[in-house]
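Step one of this worksheet: look at the structure below.
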Amino acid sequence: QVHLVESGGGSVQAGGSLRLSCAASTYIDNSYCMGWFRQAPGKEREGVAVLPAGGGRPAYADSVQGRFTSSQDNAKKTLSLQMNSLKPEDTAVYYCAAYKTTLWKILAQGCSLGSSEYNYWGQGTQVTVSG
């Protein structure tokens, strides 16, 4: 069982920055994918950034490409999301998530930006951008 806990949310003016962190309760091996998702009121949950837990190039949603950067430190069991040039439309509850697949699938297909693949979720942290 993997428990995930997010931190670092808050309120910021448009154009500002925030950094989110996700702490895992246990070591996550390289057969896992991890990611950040968000859900705004009245909208479906959407993938923001996903990457292999063992390291590798993240995949980003078009809406955050060039503004958000995700990285992982498996030794420290943490995942982070650096959010720059924030916009009011980035306002949402942000979730950290993970799912177990196989290293072969990760190498062949990458990690999914679809939330249905993920079965481990944090409790979420609110990000509010005013402008």
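Worth saying up front: this structure is predicted, and the values here are computed from it rather than measured. If you read the sequence from its start, that first residue is 1, and numbering goes on from there.
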Identify every side-chain donor-acceptor pair in residues 113-122 under 3.5 Å, counting partners at least two apart or on other chains, and give the distances.
residue	atom	partner	partner atom	Å
Y118	OH	S112	O	2.5
W121	NE1	Y118	O	3.0

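- The two residues Q39 and K43 make their nearest non-hydrogen contact at NE2-O, 3.1 Å.
- Under the 4.5 Å side-chain heavy-atom criterion for Ile, Leu, Val, Met, Phe, Trp and Tyr, V48 and Y32 are members of the same hydrophobic cluster.
- Between the side chain of T128 and the backbone N or O of S11, no donor-acceptor pair lies under 3.5 Å.
- The shortest distance between side-chain heavy atoms of L18 and Q82 does not fall below 4.5 Å.
- Within the 4.5 Å cutoff, side-chain heavy atoms of T125 are placed close to those of L20.
- Placement of V93 and V50 within a single hydrophobic cluster is found when ILVMFWY residues are connected by side-chain heavy-atom separations under 4.5 Å, directly or transitively.
- A92 approaches A40 most closely through the heavy-atom pair CB-N, 3.8 Å.
- For E89, there are no salt bridge (Lys or Arg N to Asp or Glu O under 4.0 Å) partners at least two apart in sequence or on another chain.
- Of the inter-residue distances, the one linking C96 atom SG with W36 atom CH2 reads 5.0 Å to the nearest 0.5 angstrom.
- Minimum heavy-atom separation, A53 to I28: CB-CG2, 3.7 Å.
- The OG atom of S25 lies 8.0 Å from the CD atom of Q1; values are rounded to the nearest 0.5 Å.
- A 4.5 Å side-chain heavy-atom check between V5 and Q123 finds at least one atom pair inside the cut-off.
- A continuous path of hydrophobic side-chain contacts links Y60 to M83 [ILVMFWY only; heavy atoms under 4.5 Å].
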Quiz prompt | side chain to side chain donor-acceptor pair (under 3.5 Å) between S21 and T78, worked out | solution = CA-CA 7 Å; S21 294; T78 59; over 6 Å; no
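- In this structure, S31 and T101 have side chains that are not in contact, with every pair of non-hydrogen atoms separated by 4.5 Å or more.
- Side-chain contact between W104 and I106 is absent, with no heavy atoms from C-beta onward closer than 4.5 Å.
- Hydrophobic cluster membership is shared by V129 and L81, with clusters built from Ile, Leu, Val, Met, Phe, Trp and Tyr side chains linked at under 4.5 angstrom.
- Taking hydrophobic clusters as Ile, Leu, Val, Met, Phe, Trp and Tyr residues chained together by side-chain heavy-atom distances below 4.5 Å, L79 shares a cluster with V127.
- Remark: C22 SG to K77 NZ distance equals 12.0 Å, nearest 0.5 Å.
- At a threshold of 4.5 Å between non-hydrogen side-chain atoms, the residues R38 and D90 count as touching.
- Closest of all the heavy-atom pairs between P88 and A14 is CD-CB, 4.1 Å.
- The two residues P52 and C111 have their closest heavy-atom pair at N-SG, 3.6 Å.
- Note: E6 CD to Y95 OH = 8.5 Å, rounded to the nearest 0.5 Å.
- Across every non-hydrogen atom of S17 and S85, the tightest pair is OG-N, 4.4 Å.
- Put simply, the side chain of L86 reaches to within 4.5 Å of the side chain of F68, judged on heavy atoms.
- Residues Q65 and R67 have side chains not in contact (no heavy-atom distance under 4.5 Å, counting atoms from C-beta outward).
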